[in-house]
**Student:** 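Here you go, one structure.
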Amino acid sequence: IPNPLIDYKTFQKIVADSASERETHRLTEAQFIAAMAATNAILLDARTTMRFQMRHIRGAVNLPFTEFTAASLANVIPTRATKILIYCNNNFIGAPISLASKAPAASLNVSTYTSLRAYGYTNIFELGPLLDIHTTKIPFEGAEVK
């Protein structure tokens, strides 16, 4: 069934072409914290606004994944070469409501990375490990944070 606004073949190509690059752009906790301190980086939280308001990494901007468009991304990310830091629910344990785990293959990091690539963003880095919110050095803020 033809639909020029759905292109699964290009999606598959983006996934295949960026697989090795993505793996080299996964950061340790310490590397992620250092990257957060850079003034030229955007810390993007693509979770729902509700979950973002409950708990998010301090300094993150929220643009829910379902709201990604060329215009909405351009409003949050200055250029396609801007360094973008991403994280998702599956990077953390200990906050089962605000950071509810997804199926590993449905991790928001995977979808976010691929979508940013589809929109032409090329400088994407992702928090790699699974961290406990009670012991991580990454700072949080939001209504759920005491």
Side-chain angles (χ1 to χ4, degrees), residues 1 3 5-38 40-70 72-77 80-146:
I1 303 171
N3 183 336
L5 295 181
I6 300 172
D7 186 351
Y8 191 71
K9 287 183 182 179
T10 300
F11 168 79
Q12 288 177 308
K13 183 174 178 5
I14 290 167
V15 170
D17 290 351
S18 62
S20 62
E21 173 195 89
R22 182 185 158 266
E23 196 55 38
T24 65
H25 284 211
R26 295 179 71 233
L27 305 177
T28 65
E29 179 183 26
Q31 291 169 325
F32 197 81
I33 291 168
M36 286 171 45
N40 61 340
I42 297 292
L43 177 55
L44 179 65
D45 186 318
R47 298 175 305 130
T48 65
T49 300
M50 179 193 79
R51 292 192 195 276
F52 176 83
Q53 290 172 345
M54 291 174 74
R55 178 185 299 270
H56 59 272
I57 296 176
R58 187 178 303 134
V61 294
N62 182 229
L63 179 61
F65 178 76
T66 56
E67 303 298 321
F68 281 18
T69 63
S72 67
L73 287 164
N75 282 335
V76 173
I77 305 166
R80 289 191 175 146
T82 298
K83 186 174 197 172
I84 305 166
L85 306 174
I86 63 173
Y87 68 97
C88 75
N89 295 344
N90 287 19
N91 286 119
F92 300 100
I93 57 170
I97 297 173
S98 60
L99 293 164
S101 295
K102 309 283 187 199
S107 168
L108 189 55
N109 275 352
V110 174
S111 302
T112 301
Y113 192 96
T114 304
S115 289
L116 289 169
R117 292 289 301 196
Y119 281 101
Y121 294 89
T122 58
N123 202 10
I124 310 157
F125 293 83
E126 151 187 355
L127 180 59
L130 177 61
L131 303 168
D132 187 313
I133 63 156
H134 303 292
T135 57
T136 182
K137 293 181 176 104
I138 294 175
F140 289 102
E141 58 188 6
E144 188 181 76
V145 179
K146 294 178 174 57

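Computed over heavy atoms, backbone and side chain alike; hydrogens, waters and symmetry mates excluded.
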**Student:** Which distance, rounded to the nearest 0.5 Å, do you find between the CD1 of I133 and the CD1 of I93?
**Tutor:** 9.0 Å
**Student:** Under the side-chain hydrogen bond (donor to acceptor under 3.5 Å, both in side chains) criterion, do E144 and S98 qualify, and how do the steps go?
**Tutor:** CA-CA 8 Å; E144 188 181 76; S98 60; 2.5 Å; yes
**Student:** To the nearest 0.5 Å, how far apart are CG in L99 and CG in N91?
**Tutor:** 9.0 Å
**Student:** When you look at CD1 of I97, are more than 12 heavy atoms from neighbouring residues, nucleotides or ligands closer to it than 6.0 Å?
**Tutor:**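 Atom CD1 in I97 is not crowded, with 12 or fewer foreign heavy atoms closer than 6.0 Å.
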**Student:** Ignoring hydrogens, what is the shortest heavy-atom contact between R58 and L43? Give both atom names and the distance.
**Tutor:**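 Result for this residue pair: O-CD2, 3.8 Å.
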**Student:** Go through the side-chain N and O atoms of H25 and E126 and say whether any donor and acceptor fall under 3.5 Å apart.
**Tutor:**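 Side-chain D/A pair, H25 to E126: absent.
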**Student:** Cation over ring, R55 on F140, under 6.0 Å and within 45°?
**Tutor:** yes
**Student:** Any chance you could measure N75, atom CG, to S72, atom OG, to the nearest 0.5 Å?
**Tutor:**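 These two atoms lie 7.0 Å from each other.
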**Student:** Quick check: do L63 and L73 have side-chain heavy atoms less than 4.5 Å from each other?
**Tutor:** yes
**Student:** Is there a side chain to side chain contact (heavy atoms under 4.5 Å, CB included) between D45 and F65? Walk through the geometry before answering.
**Tutor:** CA-CA 9 Å; D45 186 318; F65 178 76; over 6 Å; no
**Student:** Do S107 and K102 come within less than 4.5 Å of each other through their side chains, counting heavy atoms only?
**Tutor:** no
**Student:** Yes or no on side-chain hydrogen bond (donor to acceptor under 3.5 Å, both in side chains) for T114 and S111, after CA distance, side-chain angles and deciding distance?
**Tutor:** CA-CA 5 Å; T114 304; S111 302; over 6 Å; no
**Student:** Are any non-hydrogen side-chain atoms of H56 and N62 less than 4.5 angstrom apart?
**Tutor:**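 Side-chain contact under 4.5 Å: no.
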**Student:** Can you list everything that forms a side chain to side chain donor-acceptor pair (under 3.5 Å) with T28? Sequence neighbours excluded, please.
**Tutor:**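 Side chain to side chain donor-acceptor pair (under 3.5 Å) check on T28 returns Q31.
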**Student:** Less than 4.5 Å apart, any side-chain heavy atom of S101 and any of N90?
**Tutor:** yes
**Student:** Should I124 and I86 count as side-chain neighbours, where that means a heavy-atom distance under 4.5 Å?
**Tutor:** yes
**Student:** Quick one: pull up CD in E141 and CD in Q53 and give me the separation to the nearest 0.5 Å.
**Tutor:** 12.0 Å
**Student:** Would T122 and R80 count as a side chain to side chain contact (heavy atoms under 4.5 Å, CB included) here? Give the steps.
**Tutor:** CA-CA 6 Å; T122 58; R80 289 191 175 146; 5.6 Å; no
**Student:** Locate the shortest heavy-atom distance separating L5 from N3; write the atom from each residue and the value.
**Tutor:** N-OD1, 2.8 Å
**Student:** Walk me through it: do L116 and I77 pass the test side chain to side chain contact (heavy atoms under 4.5 Å, CB included)?
**Tutor:** CA-CA 11 Å; L116 289 169; I77 305 166; 4.2 Å; yes
**Student:** Do R117 and Y121 touch side chain to side chain, with heavy atoms closer than 4.5 Å?
**Tutor:** no
**Student:** Can you confirm whether the side chains of S115 and T112 place a donor and an acceptor under 3.5 Å from each other?
**Tutor:**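 No, because no side-chain N or O of S115 sits under 3.5 Å from a partner of the opposite role on T112.
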**Student:** Quick check: closest heavy atoms across D17 and K13, and the distance to 0.1 Å?
**Tutor:**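 What the structure gives for the nearest pair is OD2-NZ, 2.6 Å.
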**Student:** Not counting sequence neighbours, which residues clear side chain to side chain donor-acceptor pair (under 3.5 Å) with R51? List them please.
**Tutor:** none
**Student:** Would you sort out whether Y87 and N109 count as a side-chain hydrogen bond (donor to acceptor under 3.5 Å, both in side chains), showing the intermediate values?
**Tutor:** CA-CA 6 Å; Y87 68 97; N109 275 352; over 6 Å; no
**Student:** Test side chain to side chain contact (heavy atoms under 4.5 Å, CB included) on D7 and K9 and set out the steps.
**Tutor:** CA-CA 6 Å; D7 186 351; K9 287 183 182 179; 3.9 Å; yes
**Student:** If you compare all heavy atoms of G94 against all heavy atoms of H134, which two are closest, and at what distance to 0.1 Å?
**Tutor:**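 So the minimum-distance heavy-atom pair works out to O-NE2, 3.8 Å.
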**Student:** Give, for atom OH of Y113 and atom CD1 of I84, the distance between the pair rounded to the nearest 0.5 Å.
**Tutor:** 10.0 Å
**Student:** If I compare all heavy atoms of E29 with all of I138, which pair ends up nearest, and what's the gap?
**Tutor:**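 Minimum heavy-atom separation between E29 and I138: OE2-N, 3.9 Å.
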**Student:** Might you point out which heavy atoms bring V76 and I42 nearest each other, and give the distance in Å?
**Tutor:** O-CD1, 3.8 Å
